[in-house]
Amino acid sequence: MKENWKKLFKTPNFVVGFVMVFIIVFLMMVGFFYLPYDVNAMDVVNKLAKPDNVHLLGTDHLGRDILSRIMQGARISILIGILVVIFGLITGTLVGSVAGYFGGKADEIISKLIDTQMAFPGVLLALMMIAVFGNNLGNIILALGIMSIPRFARITRSGFMKYRDAEFVRASRVRGAGDFYIMFFHILPNIVPDLIVTCSLGFASAVMSEAGLSYLGLGIQPPTPSFGKMLSEAQNYILQAPWYVMIPAIAITFLVMGFNMMGDGISKVMQH
Amino acid sequence: MKKLCVILTMAMMLTGLAACSNAGAESAATDTVAATQSVEKESAAESTATESTAETESTEPTVVRMNISSEPDSLDPWQSAASDTSAIFDNVFEGLMSYNSEGEIVPGLAESCDISEDGLTYTFKLRENVTFHNGQPFTSKDAVYSYNHLAGLDGEEAVSSKFAGVESVEAPDDYTFVIHMKEASASFLALTIADVLPEGYEDQATSPIGTGPYKFVEYVPGQRVVFEKKNDYYNEEKMGQIDRVEVYIMTDASAIVSAMMSDQLDLANVSVENAQILGDDFDIYNSPQNMVQIFALNNTYEPLSNVKVRQAINYAVNKQEIIQGVFDGYATELYSNFSPVMSVYYNDELSDVYTTDIEKAKSLMEEAGYADGFDLVIKVPGNYQAHVDTAQILMAQLSQININVSIETIEWATWLEDVYANANYQGTVIGFTGKLDPNDVLVRFKSTYAKNFTKYNNPEYDALIDAAAVEMDDEKRIEMYKECQKIITEDAVGVYICDPNLTMAAKKELKGYTFYPVTFHDFTKLYYEK
Amino acid sequence: MRYYARRILGFIVTIFLVSVFTFAIFQILPGDPATVILGVDADPAQLEALRASMGMDKPMVERYLDWVAGLFQGDMGTSYKYQQPVAQLIQESFKVTASLAFVSIILTVLIGLPVGIWLAKNSRKPVATPVSMLSQISLSIPAFCMSIFLIYIFCVKLQILPSFGYTPLNKGVGKWLKNLILPSMAIALGSSAALIRYIYTSINAQMKEDYIKTAKSKGVSMTNILNKHVLRNSLIPVITILGMLVSDILGGSIIIENVFSFPGIGKLLSVSISSRDFPLIQGLVVYMAGIVVLCNFLVDMLYSVIDPRIRLK
């Protein structure tokens, strides 16, 4: 175990990714105890101020301190990323493993459902959730989570199909192991590397999708900041105040890229 | 050149106005004044006329490329209600009467209009030599066809319920058209700007034709609408100078700016912020647009049903902060549901009814029994960033009087149903585009009006606005509308925030962009400076 | 033959499921298409007329059944918003999105394949890390920022490419391509990074297989092994990801089409949703189901071409 950690920190991809994520997480952690300004305090006279020593990252279009909003926005963005991945991972893996392991009718039904879900526009799904259950963080996470199921289900399904007739599975079946035991104690560990990559990609795409939803005016409610919301609010000022757009964009890039590169590193180490 | 052009068209319109004799003695007097003015300007106008004809003789076809933010709702003007659609299609269609940049009703397809003493008969003398874009000549038959349709006199459903007052129409000869009314209505003349369409033409929804100075060429969904100059337009002075106008449907603000910067658009409707970036290389036209941005309150919702609470909110809101923060200062502060653009009807005595005063607001809240405040949800359409930003500022301002605001951004379609149709909301921020008739602007607060989404109910107001609608004496009518504005201000139906400017950026060579009190991009005024 | 029959049956089931689901959503979603189309200033008479002419006055269930009946006769109905046949609207938008998919997939492969293979070959060299990071960056930049960045460089600064609009192919290949380059690039930069990742891992996984070790021990050169065995076997995951990318791009990108004012499927989808255009959404969802199923099918076909051991069953 310790060996693996050492290896990980010798993998350049992992290290770079870790540093990127660490910067964002560090800012978020500090934000729990100290914020330079109230995130919602407006100062319209000082709007779109360039970064200086009063506002380290400048102010937004309503004169709010961008650094403080990034520090608090990280909470929402990271929360969305993590919860969406957990939701997708649990549901997707369950569904995918049943389809892959049992095959036949179960596989056919599940595959049809996954196709259906993929054919279904994610925006429409998010809209429905928001219309029915109200526009709150939980529903955005649920909608993004549902959208991420196929990704996990497909990977798990193909993994289980590959291993269901493998030597070690047959052996344990002969020894009288139950399906459940085989599925989750014999086969699942083998596809963990794939799942880790999928998780990192899933986290990245959840953060990006939140930005996408915000762009369509469907993201989390103002004035609460998230990286996606900040980016979509900033987009109209891209020519007038480029830094205002750059900062949330860089934050998103750090988070997305950081997780992807950490995922790369982990899968590399696990493959060796 | 630009100035002269404007004067020219104004003079033309004013001459027409003089011909339109009104039964009301007072307004007849105003008309005479207008006539004298126009005579003075006539000479200046004539010289401009020759100049502009000389310009159109150039060989190279001139093109103006501009943007519009939404798709036309229908190409058939009778089926269309969106102001973005009429903003460009008013170049294609014309009504019996028309409007000028001052918002006055002036002759269009009718040379003159004669209103009988009792206000029940409108006799229009129609222009001769007018043809539709398919070459068909315009006669009184088309007017009869159009008004039969508009008012539903031909046995079919009426196109618009506003024409319910029409009793019958007739055409004594080819160039005379008469409308008989069930009862007198002061705002009916403004309704006769409704587009007149050719009789027997079935394809309005796909390839619309009218009599206007520009012809419709094509509409590619999601991409563009193209117009071309009508070369045999009957009115030499209102003739377009640009040969072709291409209107591109573009929704992304930064895409519009980059299209301007890379010479792919000549004229664009931009945000104030972006206008500042374009400022050095382009001409920026900036003018109030007769819009009312309102923080509307649901007058039946428990704490808001108390007029003191609504007044407290009015005292707590600092409109200047919103104008600075959201519109960069390019907006006109409002005091009632009326923009000063409509100067004739505008009540200018309301500016000091509410001045930002937190102490006063607090004491009003206390009197109303809400010293500790209450929770308020503001529903805003999420795709209008300006309204969302306004709500965020309101949130901060209202927290000073202990009102705990939370914002709920909703989709436009949801807003229309939940807020606008069903009044299922507490507070909302929205902007209403300008209208020519003050009745259309103020009727929103009449209790029986179908879309009275504030649920304001004041019998006194209802009676006044009804009386104004049938008051044929202009002066009295103006006073009544001013009184209406005063009532809704004092009753604090909502917070009337501002009239945000319409900002247009144009290439330096492209001149002549003219603002109207309704959303209208007049292609005929545009020209390239040599 | 039975194989194809099953596939087609599966397709019908998928369409049925998505359309029922869409229908269910429309039962719940607030918003009236006529009001959205005509806006706040709509006259009640106009609203009535529009509803009647578009059949919106009928109950939702009846409209859905009409739509299903129409579909069996090859009629997808008429859009509320555009008042044009849905099939025609989708066809027009499809031409745009398909052009975009075509150019961006070519760009994706042109960038992704060589870089991916190069990275796999040189994974031990120090240059590999910055290259893989560079590809990661393009995957991590939000689509909106990427698009604006490209527009700024190529349209505003260099003024060599148009920043918006679409020119049909019959107006000339050059013009067509000019409009397509930037949005395709915005898509391809991200998707090629994903492709690079998959190629890289796939080749690495293959290299550890026993047959490579055998070949190595026999003294076959590394380049030969790579070209003759590894590449062919690593193609399978590459095709899988390409299939997913194609169906993704053909599904339309709302953000990219919005920024480039591109009248494609994504634009049509966002308009249809915001105006509650039921027939149009139903049509688009059926279209998407068709694309997903077709792409899956083509991917399976390609599998069996590349590796004859994989049978279509």
Side-chain angles (χ1 to χ4, degrees), chain B residues 67 70-71 73-76 78-85 150 152 156-164 205-206 220-224 248-252 254-259 261-265 383 410-418 420-422 424 430 432-433 435 440 450-451, chain C residues 29-50 52-53 79 81-84 88-89 92-93 96 144 147-148 151-152 154-166 168 255 257-264 267-268 270-271 273-276:
Chain B
N67 77 306
S70 57
E71 307 241 357
D73 50 348
S74 172
L75 302 186
D76 180 344
W78 293 345
Q79 299 303 327
S80 154
S83 53
D84 258 4
T85 309
L150 287 167
E156 286 181 39
E157 286 287 320
V159 168
S160 164
S161 52
K162 286 180 185 163
F163 288 88
T206 47
V220 188
Q223 289 203 67
R224 62 178 179 274
Y248 292 91
I249 299 153
M250 298 177 79
T251 36
D252 191 277
S254 8
I256 293 166
V257 180
S258 45
M261 289 168 124
S262 52
D263 191 27
Q264 297 173 82
L265 287 179
N383 49 336
I410 53 180
E411 228 202 331
W412 180 232
T414 312
W415 187 90
L416 282 171
E417 176 155 331
D418 271 9
Y420 197 53
N422 299 335
N424 173 24
I430 196 71
F432 288 111
T433 52
K435 302 284 171 293
D440 288 347
K451 286 168 197 150
Chain C
L29 216 54
D32 160 47
T35 322
V36 179
I37 292 164
L38 293 172
V40 285
D41 297 320
D43 186 88
Q46 280 180 317
L47 286 172
E48 276 318 305
L50 181 64
S53 75
S79 153
K81 163 90 186 164
Y82 295 102
Q83 312 203 358
Q84 288 180 21
Q88 187 191 325
L89 285 168
E92 287 304 316
S93 301
V96 179
F144 166 77
S147 308
I148 291 291
I151 287 178
Y152 192 72
F154 291 98
C155 310
V156 178
K157 282 286 150 207
L158 300 175
Q159 303 227 349
I160 47 172
L161 289 170
S163 68
F164 75 95
Y166 169 77
I255 292 175
E257 288 182 12
N258 206 11
V259 174
F260 290 99
S261 304
F262 236 62
K267 182 107 183 172
L268 205 57
S270 66
V271 170
I273 291 175
S274 62
S275 59
R276 303 288 187 263

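Within every chain, numbering begins at 1; the chains are lettered A, B, ... in the order of the sequence lines, protein sequences first and strands thereafter. Only heavy atoms go into these numbers, but all of them, side chains included; no hydrogens, no water, no symmetry mates.
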K.L.:
Who among C/Ser93, C/Pro162, C/Ser275 has the most heavy-atom pairs with chain B under 4.5 Å?
P.N.:
C/Pro162
K.L.:
Give the C-alpha distance, both sets of side-chain angles, the deciding distance and a yes or no for side-chain contact (heavy atoms from CB on, under 4.5 Å) between B/Thr251 and C/Lys267.
P.N.:
CA-CA 10 Å; B/Thr251 36; C/Lys267 182 107 183 172; 3.6 Å; yes
K.L.:
So which heavy atom on B/Ala413 is nearest to which on C/Ser274, and how close?
P.N.:
CB-O, 3.6 Å
K.L.:
Can you tell me how far apart CZ (C/Phe154) and OG (B/Ser258) are? Round to the nearest 0.5 Å.
P.N.:
14.0 Å
K.L.:
Only counting residues at least two apart or in another chain, list the ones meeting side chain to side chain donor-acceptor pair (under 3.5 Å) with C/Glu48.
P.N.:
C/Arg51
K.L.:
Answer with side chain, backbone, both or neither: which region of B/Ala259 has an atom nearer than 4.5 Å to a non-hydrogen atom of chain C?
P.N.:
both
K.L.:
Give me the atom names and distance for the closest heavy-atom approach of B/Glu417 to C/Gly31.
P.N.:
OE1-N, 2.8 Å
K.L.:
Can you say whether B/Glu71 sits under 4.5 Å from chain C via the side chain, the backbone, both, or neither, judging by heavy atoms?
P.N.:
both
K.L.:
Considering all heavy atoms of both residues, which atom of C/Val40 and which atom of B/Tyr420 are nearest to each other, and what is their separation?
P.N.:
O-OH, 3.1 Å
K.L.:
Find the one option among C/Val271, C/Val259, C/Val96 whose heavy-atom pairs under 4.5 Å with chain B are most numerous.
P.N.:
C/Val259
K.L.:
I need the B/Lys435 NZ to C/Asp41 CG distance, nearest 0.5 Å.
P.N.:
3.5 Å
K.L.:
Verify, without hydrogens or angle tests, whether B/Lys451 (side chain) and C/Ala42 (backbone) share a donor-acceptor contact under 3.5 angstrom.
P.N.:
yes
K.L.:
Between B/Ser80 and chain C, which part of the residue has a heavy atom less than 4.5 Å away: side chain, backbone, both or neither?
P.N.:
backbone
K.L.:
C/Leu38 versus chain B, heavy atoms under 4.5 Å apart: side chain, backbone, both or neither?
P.N.:
both
K.L.:
Out of curiosity, C/Ser163 OG to B/Ile256 CD1, how far, rounded to the nearest 0.5 Å?
P.N.:
10.5 Å
K.L.:
Need one label for B/Thr433: side chain, backbone, both or neither, based on atoms under 4.5 Å from any heavy atom in chain C.
P.N.:
side chain
K.L.:
C/Ile148 versus chain B, heavy atoms under 4.5 Å apart: side chain, backbone, both or neither?
P.N.:
side chain
K.L.:
May I have the step-by-step check of side-chain contact (heavy atoms from CB on, under 4.5 Å) for C/Arg276 and B/Thr414, ending in yes or no?
P.N.:
CA-CA 10 Å; C/Arg276 303 288 187 263; B/Thr414 312; 3.4 Å; yes
K.L.:
Using heavy-atom distances under 4.5 Å, tell me whether C/Ile273 contacts chain B through its side chain, its backbone, both, or neither.
P.N.:
both
K.L.:
How long is the gap from CG on B/Asp252 to CD1 on C/Ile151, to the nearest 0.5 Å?
P.N.:
7.5 Å
K.L.:
So which of B/Pro221, B/Ala421, B/Gly152, B/Ser83 has the biggest tally of heavy-atom pairs under 4.5 Å with chain C?
P.N.:
B/Pro221
K.L.:
Using heavy-atom distances under 4.5 Å, tell me whether B/Lys162 contacts chain C through its side chain, its backbone, both, or neither.
P.N.:
both
K.L.:
Given a strict heavy-atom distance threshold of 4.5 Å, which part of C/Lys81 is in contact with chain B: side chain, backbone, both, or neither?
P.N.:
both
K.L.:
List in chain and number order the residues that pass side chain to side chain donor-acceptor pair (under 3.5 Å) with B/Ser160, two or more places apart in sequence or in another chain; answer none if no residue qualifies.
P.N.:
C/Asp43
K.L.:
May I ask you to check whether over 12 heavy atoms, not counting those of C/Tyr152, lie within 6.0 Å of atom OH?
P.N.:
no
K.L.:
Heavy-atom count around B/Glu157 CD within 6.0 Å, excluding the residue itself: above 12?
P.N.:
no
K.L.:
Give, for atom OG of C/Ser261 and atom CZ of B/Arg224, the distance between the pair rounded to the nearest 0.5 Å.
P.N.:
12.5 Å
K.L.:
Taking every heavy-atom pair that is under 4.5 Å apart, which of B/Gln79, B/Gln223, B/Glu156 has the most such pairs with chain C?
P.N.:
B/Gln223
K.L.:
Answer with side chain, backbone, both or neither: which region of B/Trp415 has an atom nearer than 4.5 Å to a non-hydrogen atom of chain C?
P.N.:
side chain
K.L.:
Go through the atoms of C/Gln159 and report whether side chain, backbone, both or neither lie under 4.5 Å from a heavy atom of chain B.
P.N.:
side chain
K.L.:
I need the C/Phe164 CZ to B/Ser262 OG distance, nearest 0.5 Å.
P.N.:
8.0 Å
K.L.:
Heavy-atom distances under 4.5 Å only: say whether B/Ile430 touches chain C with side chain, backbone, both or neither.
P.N.:
neither
K.L.:
Contact part of C/Tyr166 toward chain B, heavy-atom cut-off under 4.5 Å: side chain, backbone, both or neither?
P.N.:
both
